[in-house]
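In what follows, a single structure is set out as structure tokens and then discussed.
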Amino acid sequence: MKHEAVVHQPPTHCLNCGAAVQAAYCQHCGQDTHAHVPGVGEYIHEFVGHYIALESKLWKTLVLLLFKPGRLTRDYIEGKRVRYVLPLRLYLTFSLVLFAVLKMNTHGFNTEKPKEPVTAAQQAEQAQQLGKVQADIDAAKKEGGAAAAAGIVLAQKAIDTAKRARPDGEGNTEFLRLDEGDEQRLEAQLGKNLGAKIGHFSRLPREEQFEALKSAFFAFGPYAIFAMMPVFALYLKLLYLGSGRLYGEHLLFALHTNAFAFLMLILMIVLPANVPYLRPALGFWLAFYLPTAMRRVYGGSRTATALRWIVLMALHLLGMSIAVLAALAMALAH
């Protein structure tokens, strides 16, 4: 039995949008008019072509991002866009990689040797030494004198901290420690539910507090940092009032510079620490990259740029600290 070959007639209308077509591609939506199920060879050709195109864009973008501060932003504003990775995609990629690296780094990529457990004799000796220091403080309190007042207060705080140290001798105390009166005041000011949760957190051992804070940071930290991006652009808008630049241009600059900062932090974490001067060099370039980019994109004198950079960093660090603390508080509240 013979099977006649099926002849596919070229369509007169686009199968995607329905517009009339006369060429190989729809002039309305751009889809190929010769729609058919692709073979293996076509899949491979499409994948290789897309990979090579992406790789070319990526390398061009990374070279300018790393070594030409502000150049990516200027090119994008001037209309040179297709040759580079999109700013938002670049920022999101490096932010995700950074948090993945941080998470792996906190899960035990630690080369320090475990400390040997402290013996009972050593614990007794430590307690005896603390008792002697406490006796000296009590004697100083009886003698009085304004000159010793500050030293007495600091020494007492040190003694209290040492007494709360763990018995294994590592000297680690809780991140947060509240007494009953503190918990009652928190419940009165923040509400019974939230105050009780903070009080419960303060009673956890140090390891559990650290795990709770780490989980909260990775759960809510990315949202806090991402939320600071438009705020960073707003700072730039205020610092360059009268420049005639749109808010979107400031946001574009913020995406590029923060993507660079994330990339530098990734390199500082993953690169070996035993290479001389490597991390200091990366830190130096991280610090001076932003003012260099600001002057290349916005112009202005070195003095004016330096002053704007100092104000921008102060505002951004303050805002970032508040955002991360708020994210941790939200996580603990849940």
Side-chain angles (χ1 to χ4, degrees), residues 57-58 60-99 217 220-266 268 282-330:
K57 285 186 177 182
L58 181 61
K60 289 179 181 178
T61 304
L62 286 180
V63 169
L64 292 187
L65 183 69
L66 285 171
F67 305 111
K68 298 287 186 179
R71 174 70 180 276
L72 273 178
T73 305
R74 286 188 58 182
D75 280 1
Y76 196 91
I77 293 174
E78 293 171 0
K80 304 170 186 177
R81 303 175 182 179
V82 177
R83 65 185 73 174
Y84 304 124
V85 178
L86 293 175
L88 184 59
R89 182 179 298 176
L90 189 69
Y91 170 80
L92 290 177
T93 300
F94 285 136
S95 63
L96 291 174
V97 173
L98 175 61
F99 274 94
F217 176 76
F220 292 90
Y223 299 103
I225 293 176
F226 186 76
M228 285 302 299
M229 188 54 49
V231 180
F232 187 89
L234 179 61
Y235 296 152
L236 288 167
K237 179 69 174 177
L238 295 176
L239 289 172
Y240 286 98
L241 280 177
S243 64
R245 293 192 178 273
L246 300 175
Y247 176 79
E249 297 179 66
H250 300 297
L251 184 59
L252 174 66
F253 180 81
L255 290 171
H256 282 148
T257 52
N258 280 269
F260 168 81
F262 292 161
L263 179 56
M264 285 294 100
L265 292 175
I266 293 169
M268 293 172 72
L282 293 175
F284 178 84
W285 186 227
L286 176 61
F288 286 93
Y289 182 94
L290 182 58
T292 306
M294 290 169 65
R295 191 159 185 264
R296 175 167 292 175
V297 172
Y298 295 102
S301 66
R302 288 185 174 86
T303 302
T305 301
L307 292 175
R308 289 189 175 102
W309 171 61
I310 293 172
V311 175
L312 178 63
M313 284 294 92
L315 292 173
H316 187 55
L317 290 175
L318 176 62
M320 188 71 73
S321 301
I322 294 174
V324 172
L325 289 175
L328 294 176
M330 289 175 58

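Position 1 is the first residue of the sequence, and the numbers go up from there.
Atom CE of residue Met313 and atom OH of residue Tyr235 lie 10.5 Å apart, to the nearest 0.5 angstrom. From Thr73, atom OG1 reaches atom CG of Leu64 across 10.5 Å, with rounding to the nearest 0.5 Å. Atoms CG and CZ, on Leu252 and Arg245 in that order, are 10.0 Å from each other to the nearest 0.5 Å. For the atom pair CZ of Arg74 and NZ of Lys68, the computed distance is 11.5 Å after rounding to the nearest 0.5 Å. How far CG of Leu251 is from CG of Leu255: 4.5 Å, rounded to the nearest 0.5 Å. With rounding to the nearest 0.5 angstrom, the NZ atom of Lys60 is 12.0 Å from the NZ atom of Lys80.
Between His250 and Tyr240, the ring-plane angle classifies as parallel under the 30° and 60° cut-offs. A tilted orientation is assigned to the rings of Tyr91 and Phe262, their planes being inclined by 30° to 60°.
For the pair Val85 and Thr61, the tightest heavy-atom approach, listed with the atom from each and the gap, is N-OG1, 2.9 Å. Closest approach of Leu265 and Leu286 over heavy atoms only: CD2-CD2, 4.4 Å. Counting all heavy atoms, side chain and backbone alike, Leu317 lies closest to Ser321 at O-OG, 2.8 Å. Smallest separation of non-hydrogen atoms from Phe226 and Leu88: CE1-CD1, 4.5 Å. Across Phe260 and Leu65, no two heavy atoms sit closer than the pair CD1-O, 3.5 Å. Gly70 and Ala293 make their closest contact through N-CB, 3.6 Å (heavy atoms, listed as atom of the first residue, atom of the second, distance).
Judged by distance alone, the side chain of Lys237 and the main-chain N or O of Leu246 form no donor-acceptor pair under 3.5 Å. Looking at Thr292, its side chain never comes within 3.5 Å of a backbone N or O of Pro69 through a donor-acceptor pair. Side-chain atoms of Ser95 come within 3.5 Å of backbone atoms of Leu92 as a donor-acceptor pair (strictly under, hydrogens ignored). With Arg295 contributing its side chain and Gly300 its backbone, the two residues share a donor-acceptor pair below 3.5 Å.
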Review point. Please walk me through it: do Tyr289 and His256 pass ring-ring contact (aromatic ring centres under 6.0 Å, His included)?
Key: CA-CA 11 Å; Tyr289 182 94; His256 282 148; over 10 Å; no
Exercise for review: Mind running side chain to side chain contact (heavy atoms under 4.5 Å, CB included) on Asn258 and Met228 for me, showing each step along the way?
Suggested key: CA-CA 11 Å; Asn258 280 269; Met228 285 302 299; over 6 Å; no
Practice item. Let me see the working for Leu72 and Tyr76 under side chain to side chain contact (heavy atoms under 4.5 Å, CB included), right down to the final yes or no. Key: CA-CA 6 Å; Leu72 273 178; Tyr76 196 91; over 6 Å; no
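Around atom CZ of Arg296, more than 12 heavy atoms belonging to other residues, nucleotides or ligands sit under 6.0 Å away. Within a 6.0 Å radius of CZ in Phe284, other residues, nucleotides and ligands contribute 12 heavy atoms or fewer.
Considering only heavy atoms from C-beta on, Leu66 comes within 4.5 Å of Leu263 through its side chain. Residues Leu239 and Leu315 form no side-chain contact, since every pair of their non-hydrogen atoms from C-beta on lies 4.5 Å or further apart.
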